[in-house]
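Inspection log for the structure reproduced underneath, given as structure tokens.
The sequence lines fix the lettering, A, B, ..., with proteins before strands; numbering per chain opens at 1. As a basis for the values below, the full set of heavy atoms in this structure was taken, side chains included, without hydrogen atoms, waters or symmetry mates.
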Protein chains: 2
Amino acid sequence: MSTPEDKTPERISDAEHAVMEALWQRSPLTASEVCDEVCEKRGWSLATVKTLLSRLVAKNAIATEPDGRRFLYSPLLERADYTGSESRRLVDRLFGGRAAPLFAQLAEAEALTDDDIAEMEVLLKELRK
Amino acid sequence: MSTPEDKTPERISDAEHAVMEALWQRSPLTASEVCDEVCEKRGWSLATVKTLLSRLVAKNAIATEPDGRRFLYSPLLERADYTGSESRRLVDRLFGGRAAPLFAQLAEAEALTDDDIAEMEVLLKELRK
DNA sequence: GCATTACGACTACGGATGTAAACATGAAGC
DNA sequence: GCTTCATGTTTACATCCGTAGTCGTAATGC
């Protein structure tokens with residue numbers, strides 16, 4: 001049955017997000033493969049990754065597919081959806097939903113590279129149409 | 001802006017942020033005045049506000065000035081510093097430090113108003129100099 | 001003066017999060 | 001068959017966060 005896709009907008013935590021990044025980059029992956037990707041970088045043990053994977057499954061953010069003994073994990077939540085909602089959240093919380101002040105902010109903080117500026121100009125031109 | 005001695009940039013939580021907003025808008029305020037500003041909006045009791053104020057004091061985000069029997073609270077952390085670091089954080093975490101993808105993201109999510117676009121054009125023109 | 005009140009300090013408590021160990025179980029080697 | 005490894009499941013535990021109640025005490029009303 002076409003699941004009404006009970007959109008579970010469960011928040012993904014910071015640590016969980018690191019695991020998601022690994023899966024967005026390549027999937028499906030086993031738990032140990034995910035660990036290979038992130039454990040060193042974050043100083044985690046395999047156990048930690050296993051916990052995070054379980055929590056992500058519970059949050060409906062990733063899917064499991066049995067592969068003999070173990071599971072293969074792949075993202076259910078798409079990266080764009082995640083980054084989109086997180087960005088939105090920030091803009092809403094900090095700038096009353098307006099994006100312009102956010103960029104003014106970044107500009108002032110010198111967080112904009114020349115490339116950023118160039119790309120954004122192109123994008124703006126697109127949007128103007 | 002920043003005083004010689006850097007105080008630890010403790011993270012401000014979501015609820016705490018609401019209190020900060022009230023103080024950024026007008027300060028100094030007493031605890032009850034802060035409550036007047038936010039309690040209704042968030043469904044909080046005065047007790048909650050008092051807790052949040054204490055935590056913010058502990059985090060060195062606001063200052064207290066005794067006014068007889070009670071305190072007057074004012075922000076120590078400036079709004080621009082907060083929004084700046086939060087924005088930066090998001091851009092780093094989600095877009096590898098590049099602002100352009102964030103912009104693309106917001107554009108795609110139709111989170112950009114015409115005003116935003118207009119303002120950003122002005123901004124970009126400035127930056128390109 | 002004494003009760004009420006206003007206020008900050010301290011305490012509470014459930015849920016989320018970061019981090020991980022213990023446990024169960026099946027596979028794989030020998 | 002028994003040991004060992006790999007792997008998911010359960011349990012653990014400290015900290016933070018959201019939300020608030022209680023306590024001690026000074027101000028204030030009468």
Side-chain angles (χ1 to χ4, degrees), chain A residues 8-23 27-74 77 82 85-86 89-90 93, chain B residues 8-23 27-74 77 82 86 89 93:
Chain A
T8 343
E10 294 256 28
R11 294 270 294 140
I12 305 281
S13 81
D14 215 73
E16 287 158 5
H17 171 239
V19 168
M20 291 304 290
E21 283 296 344
L23 290 171
S27 76
L29 294 181
T30 67
S32 346
E33 285 169 338
V34 171
C35 187
D36 289 344
E37 290 295 320
V38 301
C39 281
E40 181 130 13
K41 201 160 28 180
R42 313 263 305 205
W44 286 344
S45 75
L46 175 59
T48 299
V49 169
K50 289 197 271 184
T51 300
L52 293 173
L53 284 168
S54 309
R55 289 182 183 167
L56 285 167
V57 168
K59 288 182 180 179
N60 247 302
I62 61 181
T64 56
E65 162 196 359
D67 171 44
R69 285 279 42 274
R70 66 242 175 111
F71 282 148
L72 295 180
Y73 300 89
S74 359
L77 176 65
Y82 176 71
S85 73
E86 285 297 299
R89 217 178 112 79
L90 181 97
R93 235 167 39 94
Chain B
T8 347
E10 296 252 31
R11 296 268 296 136
I12 306 281
S13 82
D14 217 71
E16 287 158 4
H17 171 239
V19 169
M20 291 303 292
E21 283 296 343
L23 290 172
S27 75
L29 294 181
T30 66
S32 345
E33 284 169 338
V34 171
C35 187
D36 290 344
E37 290 297 319
V38 301
C39 282
E40 181 129 12
K41 199 160 30 179
R42 314 263 306 204
W44 287 344
S45 75
L46 175 59
T48 299
V49 169
K50 288 197 270 184
T51 300
L52 294 173
L53 284 169
S54 310
R55 289 183 183 166
L56 285 168
V57 168
K59 289 181 180 179
N60 246 304
I62 62 181
T64 56
E65 162 195 359
D67 171 45
R69 159 109 221 59
R70 66 238 175 116
F71 282 148
L72 296 180
Y73 299 89
S74 358
L77 176 65
Y82 176 71
E86 285 297 298
R89 215 179 113 79
R93 237 168 38 95

Contact under 4.0 Å: B:Ser54 side-chain N or O vs C:dC10 OP1/OP2 | no
For A:Ile62 and A:Leu53, what are the C-alpha separation, side-chain angles and deciding distance, and is it a side chain to side chain contact (heavy atoms under 4.5 Å, CB included)?
-> CA-CA 8 Å; A:Ile62 61 181; A:Leu53 284 168; 3.7 Å; yes
What's touching nucleotides 1-5 of chain C from the protein side, N or O pairs under 3.5 Å?
none

To the nearest Å, how far apart are [X] [atom1] and [N] [atom2]?
X       : N      : atom1 : atom2 : answer
A:His17 : C:dG18 : NE2   : C1'   : 16 Å
B:Glu65 : C:dG8  : CD    : C1'   : 16 Å
A:Arg70 : C:dT25 : CZ    : C1'   : 16 Å
A:Leu53 : D:dG8  : CG    : C1'   : 10 Å
B:Arg11 : C:dG18 : CZ    : C1'   : 15 Å
A:Lys59 : C:dA16 : NZ    : P     : 8 Å
B:Asp67 : C:dG8  : CG    : P     : 10 Å
A:Ile12 : C:dA16 : CD1   : P     : 13 Å

Partners passing side-chain hydrogen bond (donor to acceptor under 3.5 Å, both in side chains) against A:Glu37 (at least two apart in sequence or in another chain) | none
How would you list, by chain and number, every residue that makes a side-chain hydrogen bond (donor to acceptor under 3.5 Å, both in side chains) with A:Arg42, sequence neighbours excluded?
-> none
Would you name the heavy atoms of [X] and [Y] that are closest together and state the gap between them?
X       : Y       : result
A:Cys39 : A:Val49 : SG-CG2, 3.5 Å
B:Ala18 : B:Val38 : O-CG1, 3.8 Å
B:Leu29 : B:Ala22 : CD1-O, 4.0 Å

Taking side chain to side chain contact (heavy atoms under 4.5 Å, CB included) as the test, write out the residues that go with [X], two or more places apart.
X       : result
A:Ser32 : A:Thr30
A:Thr48 : A:Trp44, A:Ser45, A:Leu52
B:Arg93 : A:Asp14, A:His17, A:Tyr82, A:Glu86, B:Arg89

Between B:Phe71 and A:Leu52, which is nearer to the 5' end of DNA chain C once each is assigned its nearest nucleotide?
-> B:Phe71
Summarise how protein sits on nucleotides 23-30 of chain D as a single string, 5' to 3': B when a protein heavy atom is under 4.0 Å from the base, S for sugar-phosphate-only contact, - for no contact.
-> --BSS---
Take the C1' atoms of the five end pairs on each side of the helix from C:dG1-D:dC30 to C:dC30-D:dG1, derive the two axes, and give their angle rounded to 10 degrees.
-> 10°
Has the side chain of A:Arg55 got a donor or acceptor that lies under 3.5 Å from a partner of the other kind on the base of D:dT9?
-> no
Rounded to the nearest 0.5 Å, the CZ atom of B:Arg55 sits from the NZ atom of B:Lys50 at a distance of 14.5 Å
What residues 27-49 of chain B contributes to the DNA chain D interface at heavy-atom separation below 4.0 Å is B:Gly43, B:Trp44, B:Ser45, B:Ala47, B:Thr48
N-O pairing of A:Glu16 and A:Lys59 below 4.0 Å | yes
Test side chain to side chain contact (heavy atoms under 4.5 Å, CB included) applied to B:Val57 and B:Tyr73, step by step | CA-CA 9 Å; B:Val57 168; B:Tyr73 299 89; 4.2 Å; yes
Which donor-acceptor pairs under 3.5 Å do side chains of residues 65-72 of chain A form with protein atoms, sequence neighbours excluded?
residue : atom : partner : partner atom : Å
A:Asp67 : OD2  : A:Arg70 : NE           : 3.2
A:Asp67 : OD2  : A:Arg70 : NH2          : 3.2

